[in-house]
**Student:** 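This is the structure I have questions about; it appears just below.
All values below come from the heavy atoms of this structure, side chains included, with hydrogens, waters and symmetry mates left out. Order of appearance sets the numbers: ligands from 1, and atoms from 1 within every ligand.
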Amino acid sequence: MEKKSKPPFYVTTPIYYVNGVPHIGHAYTTIIADTLSRFMKMNGRDVFFLTGTDEHGQKVEKAASENGLEPQAWADRVVVRFMDLARDLACEPDFFIRTTMELHEKGVQKLFLKLLDQGDIYKGEYKGWYCVPDESFLTEDVPLEKDGTKICPDCGRKAQVVSEETYFFRLSAYQQKLLDHYASHPQFVRPQSRMNEVTSFVRGGLKDLSITRTTVKWGIPVPGDPAHTIYVWFDALHNYVTGAGYDRDPAHFEKFWPASVQLIAKDILRFHAVFWPAFLLASGLPLPECVFCHGWWLKDEAKMSKSKGNVLDPYVLLKAMGPDPLRYFLLREVPIGLDGNFSHEAFIRRLNSDLANDLGNLVSRSLTMIRNYFNGTIPEPGPEEPADADIRKAFDETRDRAVAHYESYTLNKSLEEIWAFITAVNKYLADNAPWKLHKDPALRPRLARVLRTAAAALRGTAVLVAPVMPGSAQKIWEYLGEPGTVRDIRFEGLAFDSPGLGQAIRAPEPLFPRVDLQAFLAEETIPAKEPVMDEETQKSPEQPPATTGSSRTTETAEPPVKPLVTYEEFARMDLRVAHVIEAARVEKAKKLLRLKIDLGTEQRQIVAGVAETYSPEQLLGKKFIVIANLQPAVIRGVESQGMLLAAVSGEKAVIPFFEADVPAGAKVK
Ligand code: ME8
């Protein structure tokens with residue numbers, strides 16, 4: 001068997017909490033991981049890419065109970081969102097781990113017992129401050145506030161005192177070992193600024209860490225002492241080894257562990273750069289090569305987070321444009337370690353300039369000329385001139401630099417290099433003006449050389465951008481009439497090669513249609529494929545309008561009444577009486593209210609496009625009809641688990657309320 005010379009590559013994302021739906025921040029880490037995975041495969045390495053969900057702990061328990069569900073049922077519901085998002089972003093993890101999987105739970109229990117047996121875990125009493133939203137214990141140096149409470153230094157919210165019997169992990173024993181590791185592995189934490197932060201934190205001293213809870217039921221039980229559940233971080237961090245096959249698939253585990261790069265954002269740096277390597281040192285497992293900490297995507301200069309409610313729904317940006325522009329934008333706009341303030345304007349600007357203008361036009365101009373001037377086949381060229389040789393040389397240099405940047409995870413630099421090359425090719429075409437050469441039959445060999453050079457440049461560009469924009473790269477590949485898939489090409493040995501002589505070029509379609517910013521902003525809330533709701537009508541496109549009564553009064557040109565449905569079709573809808581128990585406006589959405597409704601057996605949140613007719617106060621305590629079995633949807637980043645019925649008349653949405661008393665949850669038929 002041929003022996004692979006390059007080492008395997010293992011990349012991870014954090015596993016995301018299922019206490020809310022995914023947003024751009026989650027999309028970002030997953031896109032980085034997928035891009036690295038695709039690049040490394042094209043660079044000849046065997047790759048394992050792991051992502052997943054963190055499903056235990058108080059936070060998830062709370063989200064589930066607020067939504068009237070058992071934690072597992074809640075996790076089962078939310079995990080689908082994360083899986084779908086990965087797919088819709090064209091991300092292809094090799095394994096999606098959930099911490100509620102048996103394979104993970106068993107691995108965690110085994111590791112817990114090992115550390116208990118060897119004395120790295122011991123039983124004691126914990127008294128101190130705990131931050132529920134962060135699932136984290138506060139260190140003693142956090143000062144008391146005037147009111148006697150403590151504020152979590154990570155998220156700024158109030159912590160609470162907990163006092164309970166607990167198992168401790170002997171973190172203090174690992175202080176020097178960690179410092180030694182940082183010193184001997186300067187790339188263990190990147191960028192350097194984060195390494196400095198971690199080193200000084202550890203130098204400040206480490207206290208033993210409480211790693212079990214008796215008050216949290218939703219967790220992996222401590223083997224032999226089920227009153228305790230394992231602290232969510234001890235549980236979650238080990239996904240990186242259980243997911244790779246620890247104690248389950250030794251061959252796979254040996255091959256891929258330790259991870260090559262573990263991607264995180266700075267919010268979870270301490271967990272990954274201090275606790276995690278300490279757990280691994282204790283278990284005798286090798287440490288990951290690198291914990292790479294990227295910055296935050298901010299919205300209005302604040303970190304996007306589910307608990308702050310300022311999250312951006314990735315589907316808004318995926319609509320109609322597919323994943324590639326979003327992947328490109330997120331990777332190009334900011335260097336990986338820095339924060340970026342997200343703006344739709346910047347997104348559309350890059351889409352129009354870098355993608356539609358620079359790359360899209362280059363593809364369509366070059367290929368259209370080959371089709372028009374040479375009947376769609378690559379022509380026999382005249383001799384190479386210095387300008388052609390410059391492009392060939394520029395490609396070789398671009399390839400080497402882009403590959404070096406991909407290898408060192410500086411993805412924005414890689415894209416900068418590739419776009420400098422695209423600009424050079426556009427200039428080459430402008431300087432050599434094939435449309436003018438075409439007019440003189442004597443210049444046909446020269447024309448052929450210029451278009452062949454352009455085709456070779458496109459071929460090379462398709463390969464170089466494939467890790468970031470897999471779909472568009474494959475399209476360019478196919479337009480060029482190249483066989484197979486671009487992802488099967490290897491960077492090593494990638495030459496500046498035009499498609500073969502006589503190879504048929506296909507008619508290109510516009511790769512990146514230009515987007516009008518104003519039009520885009522005006523309909524910003526309509527996601528593409530998922531359960532979709534429109535802010536105005538609050539209905540999905542496939543669903544009937546949310547009107548009741550006769551539609552004969554509508555002024556539109558629509559037929560007066562829709563085609564007949566059978567009773568069975570109607571009966572598939574579960575209509576219920578909903579009682580409004582909380583009502584608030586949705587920030588920055590003038591038409592939307594967020595309503596908490598009681599359905600008798602459970603409470604839910606719905607988002608309703610009625611804010612122009614009703615204030616939140618007017619709806620409190622009211623009862624109306626909702627469709628209770630409508631697929632949930634995200635509207636302006638807020639999840640809606642049902643839809644109320646209202647008559648729509650012009651700008652108004654008028655809700656029929658129940659006048660007689662009727663219990664919440666009663667069926668409507
Ligand atoms: O922390 N900008 O899960 P989580 C950039 N379950 N990245 C962001 C981001 C933003 N505004 N918001 C989130 C957890 N992320 C734990 C992890 S791992 C063993 C357990 C990304 O759902 C970023 O990768 O809060 C961040 O570290 C992660 O999502 C946090 O996801």
Side-chain angles (χ1 to χ4, degrees), residues 11-34 36 50-60 63 75 78-79 81-82 85-86 89 91 97-100 104 107-108 131-136 152 154-155 194 219-220 230-244 259 261-277 279-280 288 291-314 326 329-331 333-342 637:
V11 56
T12 65
T13 72
I15 46 170
Y16 306 117
Y17 284 130
V18 289
N19 63 333
V21 292
H23 58 75
I24 287 282
H26 302 111
Y28 182 51
T29 320
T30 309
I31 287 171
I32 299 174
D34 185 71
L36 293 180
L50 182 75
T51 188
T53 41
D54 188 353
E55 302 189 356
H56 290 127
Q58 212 163 352
K59 219 154 133 143
V60 174
V78 179
V79 71
R81 295 301 189 84
F82 283 92
L85 181 65
L89 293 167
C91 293
I97 190 163
R98 303 178 57 184
T99 52
T100 50
H104 171 75
V108 171
C131 171
V132 177
D134 274 4
E135 304 274 19
S136 108
C152 169
D154 291 328
C155 73
R194 300 286 166 214
I220 302 176
I230 296 176
Y231 171 46
V232 63
W233 276 100
F234 187 90
D235 160 358
L237 285 161
H238 283 102
N239 90 85
Y240 303 126
V241 289
T242 59
V261 58
Q262 303 214 257
L263 298 164
I264 55 162
K266 57 190 181 181
D267 48 344
I268 52 177
L269 177 63
R270 207 189 324 144
F271 299 100
H272 283 80
V274 181
F275 299 172
W276 177 224
F279 295 157
L280 288 168
V291 172
F292 200 115
C293 185
H294 65 66
W296 279 336
W297 280 100
L298 311 171
K299 184 77 190 118
D300 305 322
E301 305 298 335
K303 187 199 170 216
M304 256 179 253
S305 81
K306 286 168 275 206
S307 21
K308 277 195 207 137
N310 65 343
V311 297
L312 261 170
D313 177 358
L326 181 59
F329 173 78
L330 293 177
L331 299 182
E333 190 71 3
V334 281
I336 285 189
L338 302 184
D339 289 348
N341 199 37
F342 191 92

**Student:** Go through ligand 1 atom by atom and flag the ones less than 4.0 Å from a non-hydrogen atom of Ala236.
**Tutor:**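 By the 4.0 Å cutoff, the relevant atoms are 19 (C).
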
**Student:** List every atom of ligand 1 that sits less than 4.0 Å from any heavy atom of His23, numbering the atoms from 1 in the order shown and giving each element.
**Tutor:**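 Ligand 1 atoms under the 4.0 Å threshold to His23: 9 (C), 12 (N), 13 (C).
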
**Student:** I want to know if ligand 1 touches Pro14 in the polar sense, i.e. an N/O pair below 3.5 angstrom.
**Tutor:**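 In fact, backbone or side chain, Pro14 has no N or O that close.
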
**Student:** Which ligand 1 atoms are under 4.0 Å away from a heavy-atom of Asp267?
**Tutor:**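 With Asp267 as reference, the close atoms of ligand 1 come out as 26 (C), 27 (O), 30 (C).
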
**Student:** How would you list, by chain and number, every residue that makes a side-chain contact (heavy atoms from CB on, under 4.5 Å) with Val274, sequence neighbours excluded?
**Tutor:**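 In terms of side-chain contact (heavy atoms from CB on, under 4.5 Å), with neighbours along the sequence ignored, Val274 is linked to Leu178, Tyr182, Val198, Phe201, Val202, Leu206, Arg270.
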
**Student:** Assess the pair Tyr240 and His272: is the distance between their ring centroids shorter than 6.0 Å?
**Tutor:**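 Centroid separation for Tyr240 and His272: below 6.0 Å.
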
**Student:** Would you name the heavy atoms of Val232 and His56 that are closest together and state the gap between them?
**Tutor:**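 Closest pair (atom of Val232, atom of His56, distance): CG2-O, 3.5 Å.
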
**Student:** Using a 4.0 Å cut-off to any heavy atom of Thr29, which atoms of ligand 1 qualify?
**Tutor:**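 Ligand 1 atoms under the 4.0 Å threshold to Thr29: 21 (C), 23 (C), 24 (O).
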
**Student:** Closer than 4.0 Å to some heavy atom of Gly295 - which atoms of ligand 1 meet that?
**Tutor:**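 In order of numbering, the contacting atoms are 5 (C).
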
**Student:** Taking distance alone, with N or O pairs closer than 3.5 Å, would you say Ile268 contacts ligand 1?
**Tutor:**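 Between Ile268 and ligand 1, no N or O pair is found under 3.5 Å apart.
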
**Student:** What residues, two or more places apart in sequence or in another chain, satisfy side-chain contact (heavy atoms from CB on, under 4.5 Å) together with Leu298?
**Tutor:**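 By the side-chain contact (heavy atoms from CB on, under 4.5 Å) rule, Leu298 matches Trp296, Glu301, Lys303, Asp339, Asn341.
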
**Student:** Scan side-chain atoms only and decide if Thr12 and Gln262 contain a donor-acceptor pair under the 3.5 Å cut-off.
**Tutor:**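 Judged by distance alone, the side chains do pair up.
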
**Student:** With atoms numbered from 1 as shown, which atoms in ligand 1 lie under 4.0 angstrom from a non-hydrogen atom of Trp233?
**Tutor:**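 Taking each heavy atom of Trp233 in turn, ligand 1 has 16 (C), 17 (C), 18 (S), 19 (C), 20 (C) under 4.0 Å.
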
**Student:** So do the side chains of Cys91 and Ile31 get within less than 4.5 Å of each other, counting heavy atoms only?
**Tutor:**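 Of all side-chain heavy-atom pairs linking Ile31 with Cys91, at least one is under 4.5 Å.
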
**Student:** Could you check whether any side-chain heavy atom of Trp297 comes within less than 4.5 Å of a side-chain heavy atom of Leu312, counting everything from C-beta outward?
**Tutor:**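 No, too far: nothing below the 4.5 Å cut-off.
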
**Student:** Tell me the nearest of Tyr16, Tyr240, Phe342, Tyr28 to atom 18 (S) of ligand 1, using heavy-atom distances.
**Tutor:**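 Among Tyr16, Tyr240, Phe342, Tyr28, the closest heavy atom to atom 18 (S) of ligand 1 belongs to Tyr240.
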
**Student:** Give the atoms of ligand 1, by number and element, whose distance to some non-hydrogen atom of His272 is under 4.0 Å.
**Tutor:**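 Selected atoms, number and element: 18 (S), 19 (C).
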
**Student:** Is Trp296 in polar range of ligand 1, meaning some N or O pair under 3.5 Å apart?
**Tutor:**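 It does not: no N or O of Trp296 is found under 3.5 Å from an N or O of ligand 1.
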
**Student:** Under 4.0 Å from any heavy atom of Asp54, which atoms of ligand 1 are there?
**Tutor:**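 Selected atoms, number and element: 6 (N), 16 (C), 20 (C).
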
**Student:** Heavy-atom distance under 4.5 Å between the side chains of Ile268 and Pro14, does that happen here?
**Tutor:**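 Heavy-atom side-chain distance check passes, below 4.5 Å.
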
**Student:** Is Lys299 in contact with ligand 1, taking contact as a heavy-atom separation below 4.0 Å?
**Tutor:**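 No, Lys299 has no heavy atom closer than 4.0 Å to ligand 1.
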
**Student:** Please verify the inter-ring angle class for Phe271 with Phe275; under 30° counts as parallel, over 60° as perpendicular, anything in between as tilted.
**Tutor:**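 If you compare the ring of Phe271 with that of Phe275, the planes turn out perpendicular.
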
